[in-house]
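The next block holds one structure in the form of structure tokens; read it before the comments.
Nothing here was measured: the structure is a model prediction, and the numbers come from that model. Just so you know, ligand 1 is whichever comes first in the structure, and atom 1 is the first atom listed for that ligand.
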Amino acid sequence: MARQPFIAGNWKMHKTVAEAEAFVQGLLPRIYDADHCDVALCTPFTALQAVVDSTRGSRIEVYAQNMHHEAQGAFTGEVSAPMLTELDVHGVVLGHSERRQLFGETDKALQLKVPAALDAGLQVILCVGETEEEREAGDTERRLRHQVDEGLEKVPTERLGDVVIAYEPIWAIGTGQVATPEQAQEACAFVRALVGQRSKEEADRGRVLYGGSVKPDNAAELLGLPDVDGALVGGASLDVEQFEALVNAAKG
Ligand code: 13P
């Protein structure tokens, strides 16, 4: 099955509203005819409304970077799915390794968040990935299996293909130490196979992204791999020219 490539920029805790708007104004004319791939900007909560408004009618989708599974309640500092959909936000990144490592995000919490986001009509990018120690200890597959199985456990089978899974090895994030094509292909194929244990059809339909030090000069090779359907990009997504180059690299 042909899967539409997907380039998602994860801005993390970067860009004020003014900076976000300047980025969008710079990007829009550069990618207006890029219908070969889906494009998303995952912005801080504070920039969501502005980026939704300034990209309306364009091909750019806007994603949040986290979400609570409850619709409302006494959860200070959290944001819910209805709060995001009200803004016309398209989707949400869940389980990023920075949230797991720095903010105590657990697989158990993700088990609730992923189906809650889907039920609310949000697209989900679920992030998984191993640490350097886990890779060196030969524990990569065990780690990925645990994260994928837990994150998708409460997702109905017929919706598995709606969840985009981003394989982001933690040792490659923000380090400039990109995975080799062999490592990226092997892990992304393994992630797809894990989904395939529940449904071959949904595994064929669902997209798997690679993330971790994706740059214009290494993107084409990674995006050309059979089980890599796109990229989740941190640093290089903050710069209009680099992000445009990544979108172009998805042309194949
Ligand atoms: P870098 O592209 O900066 O390595 O970040 C990857 C990432 O964490 C995207 O979510």
(message) So, taking the atom named CD in Q183 and the one named CG in L225, what distance separates them when rounded to the nearest 0.5 Å?
(response) 11.5 Å
(request) Hey, could you give me the CZ/CD distance between R192 and E202, rounded to the nearest 0.5 Å? (result) 12.0 Å
(message) Taking V228 as the starting point, is it possible to reach V178 by hopping between hydrophobic residues whose side chains are less than 4.5 Å apart?
(response) yes
(message) Are V52 and V79 linked, directly or through intermediate hydrophobic residues, by side-chain heavy-atom contacts shorter than 4.5 Å (ILVMFWY only)?
(response) yes
[X] N/O to ligand 1 N/O under 3.5 Å:
X	value
G174	yes
H96	yes
K215	no

(request) Taking only heavy atoms of A172 into account, list the atoms of ligand 1 that are under 4.0 Å away from them. (result) 4 (O)
(message) Taking 4.0 angstrom as the limit and counting only heavy atoms of E168, give me the atoms of ligand 1 inside it, by number and element.
(response) 6 (C), 7 (C), 8 (O), 9 (C), 10 (O)
(request) Would you kindly specify which portion of A166 sits under 4.0 Å from ligand 1, judged on non-hydrogen atoms: side chain, backbone, both or neither? (result) neither
(request) For ligand 1, indicate whether the residue I173 contacts it via side chain, backbone, both or neither (heavy-atom separation under 4.0 Å). (result) both
(request) Go through the structure and list residues passing side-chain hydrogen bond (donor to acceptor under 3.5 Å, both in side chains) with E130, not counting sequence neighbours. (result) R135, Y167, W171
(request) Answer with yes or no whether G212 contacts ligand 1, where contact means a heavy atom under 4.0 Å from a ligand atom. (result) yes
Which residue and non-hydrogen atom of the protein lie closest to [atom], and at what distance in Å?
atom	value
atom 5 (O) of ligand 1	K12 NZ, 3.3 Å
atom 2 (O) of ligand 1	G234 N, 2.9 Å
atom 3 (O) of ligand 1	G235 N, 2.8 Å

(request) Scan side-chain atoms only and decide if Q111 and D107 contain a donor-acceptor pair under the 3.5 Å cut-off. (result) no
(message) Surrounding CD of Q25 (heavy atoms of other residues, nucleotides or ligands, distance under 6.0 Å), is the total greater than 12?
(response) yes
(message) Please check: side-chain N/O of K251 versus main-chain N/O of H36, any donor-acceptor pairing under 3.5 Å?
(response) no
